[in-house]
**Student:** 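If you scroll down you'll find the structure; I have some questions about it.
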Amino acid sequence: MEKKVRVRFAPSPTGGLHLGGVRTALFNYLFAKKHNGTFILRVEDTDQTRFVPGAEAYIVSCLEWCGISPDESPVLGGAFGPYRQSERKSTYKQYADQLISSGHAYYAFDTPEELEEKRKAVPNFTYGLATRAEMRNSLTLAEEEVQALLAKNTPHVVRIKMPADELVSFTDLIRGHVSFDTNLVDDKVLLKADGMPTYHLAVVADDRAMEISHIFRGEEWLPSAPIHILLWRYLGWADEMPQWVHLPLILKPDGNGKLSKRDGDRLGFPVYAQNWTDPKTGDLTRGFKELGFMPEAFVNLLAMLGWNDGTDQELFTLTELVDKFSVERISKAGAKFDFEKAKWYNHEWIKNSAPKKLLPFVKQAFSVQGIELDADARLEKVIDLIKDRCNLLPDFVAQGLYFFIAPKEYDLAAVQPKWTAEKAAFFEAYAMEIKDGLVGAELEEKFKALAAAHNFKPGELMLPLRIMLVGGKFGPGVFDILVNLGAEESTKRIHKAIAAFN
Ligand code: GLU
């Protein structure tokens, strides 16, 4: 029988959620939903030294914002809980013991100081095949001594004993056949002195306990795969081993190496999904959400980092992604992150969204600037007029503010050199023709007829009219602006501007 699809996103709560992490979550989610499976959030918090308060809640909130909430999680619970590894602490030791009994792991009593000495003395020291015989562990010490040390609760760790001269081979659903030479892999710690498992032991124990069918994770974990595979085998679970799917890296914009948070800081774009405030330093790192990305656009652009559906289509809803997703179409090569392209996705999403859908986002963008808008019907019309001009949600404020607040300043340089008393007279006359109920085309017709009567080409008058209403040389069709502002406000603005231009 085919194993039921159960996949997990297994972040460590160590800080903000990098977009690579969200993409891993997304691909897990897409695969689960595509196969009527289960998407699990498991919090890998066994490394207490790196634990950051608030990081778990932040991760949950990022997933929720993206619309890819898990089916089982520390918050929701589920039949395979608990979903925080720290709460599963008591389950891991038995596996370390089993590995010791079968000779695949050993106790190591080296103190941190001894290890430090060794690292100083031997460049690139690793604890493993070549060095384990020189260290203080249950492979080098006499059995009685080991028992005595254990009886005295001497601090120790448990390490995997990597076999000599073996090739660990497996099939990765993206990378195909992969193999690792065990001589090049060190004896990783499995159980720490505080009794906590390390990532390596916990990940294998929990992937089995939670009946995970496919492991989708970033390519940076590929070098750990041989350790995990050996653990699956040594623990007697080889038949139950999940399928491996190592996702391509997300690269810096120039393609040189993995995209890091520092690249974002350096190049001025976000790398985290949402704003993250480091609880220790209070430092704020800006996120895509707060910068003004729609969650749909963010999810869409992440999906395209390393995946496509085999056509030129670039815009996908989450539902379409679920429908079209396939592991076969994930590329092996790293995907360069291009912030301009990311903004393009957001622009397309804004442009293609109905004003009603954009309404809450736009209200929020104004609210952040201290402007509370409640005229929803009018705002929807404004949104419709300006959405093609917006890349990020706060652009709605810059592009739309004048609809609600009359310009305080004008781009005088653009009008004054050609401003004349005759033009002022034209606008005085035109202001009288603006009536509520007229549509844009009618207002334009009147404008043209009046311009002709005043011996002007309409083109000479359009820019001044725009600057009167908007303040600057931007915005949608000027007659649409007139309709939206209404006769009273429009004429007020025209009169005020005439005074300022004269
Ligand atoms: N806890 C690991 C991380 O922080 C998970 C790696 C895996 O999925 O196996 O990314």
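Since the structure is predicted, the reported quantities are computational estimates derived from the model, not experimental observations. Atoms within a ligand are numbered from 1 in the order they appear, just like the ligands themselves.
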**Student:** Between Arg208 and Glu240, does any NZ, NE, NH1 or NH2 come within less than 4.0 Å of an OD or OE carboxylate oxygen?
**Tutor:** yes
**Student:** Hey, mind stepping through Trp232 and Phe170 against ring-ring contact (aromatic ring centres under 6.0 Å, His included) and telling me if it holds?
**Tutor:** CA-CA 12 Å; Trp232 279 91; Phe170 63 98; over 10 Å; no
**Student:** What pairs of residues pass the ring pair (Phe, Tyr, Trp, His ring centres under 6.0 Å) test when at least one of them lies in residues 113-151, not counting sequence neighbours?
**Tutor:** none
**Student:** Give the contacting part of Tyr199 toward ligand 1: side chain, backbone, both or neither, where contact means a heavy-atom distance below 4.0 Å.
**Tutor:** side chain
**Student:** Check this for me - ligand 1, Ala10, N or O atoms closer than 3.5 angstrom, yes or no?
**Tutor:** yes
**Student:** Starting from atom 4 (O) of ligand 1, which protein heavy atom do you reach first, and at what distance in Å?
**Tutor:** Ser12 OG, 3.1 Å
**Student:** Going by the atom numbers of ligand 1, which of them fall below 4.0 Å from some non-hydrogen atom of Glu44?
**Tutor:** 1 (N), 2 (C), 5 (C)
**Student:** Determine, for Phe80 and Arg6, whether the Lys NZ or Arg CZ falls below 6.0 Å from the six-membered ring centre while staying within 45 degrees of the axis.
**Tutor:** yes
**Student:** Using a 4.0 Å cut-off to any heavy atom of Val203, which atoms of ligand 1 qualify?
**Tutor:** 9 (O)
**Student:** So, does Arg8 sit close enough to ligand 1 that a heavy atom of it is under 4.0 Å from the ligand?
**Tutor:** yes
**Student:** According to salt bridge (charged side-chain N to carboxylate O under 4.0 Å, His left out), does anything in residues 362-372 pair up with another residue at least two apart or in another chain? List the pairs.
**Tutor:** Lys363-Asp376
**Student:** To the nearest 0.5 Å, tell me how far Leu17 CG sits from Cys66 SG.
**Tutor:** 8.0 Å
**Student:** Which protein heavy atom lies closest to atom 10 (O) of ligand 1, and at what distance to 0.1 Å?
**Tutor:** Trp221 CZ2, 3.3 Å
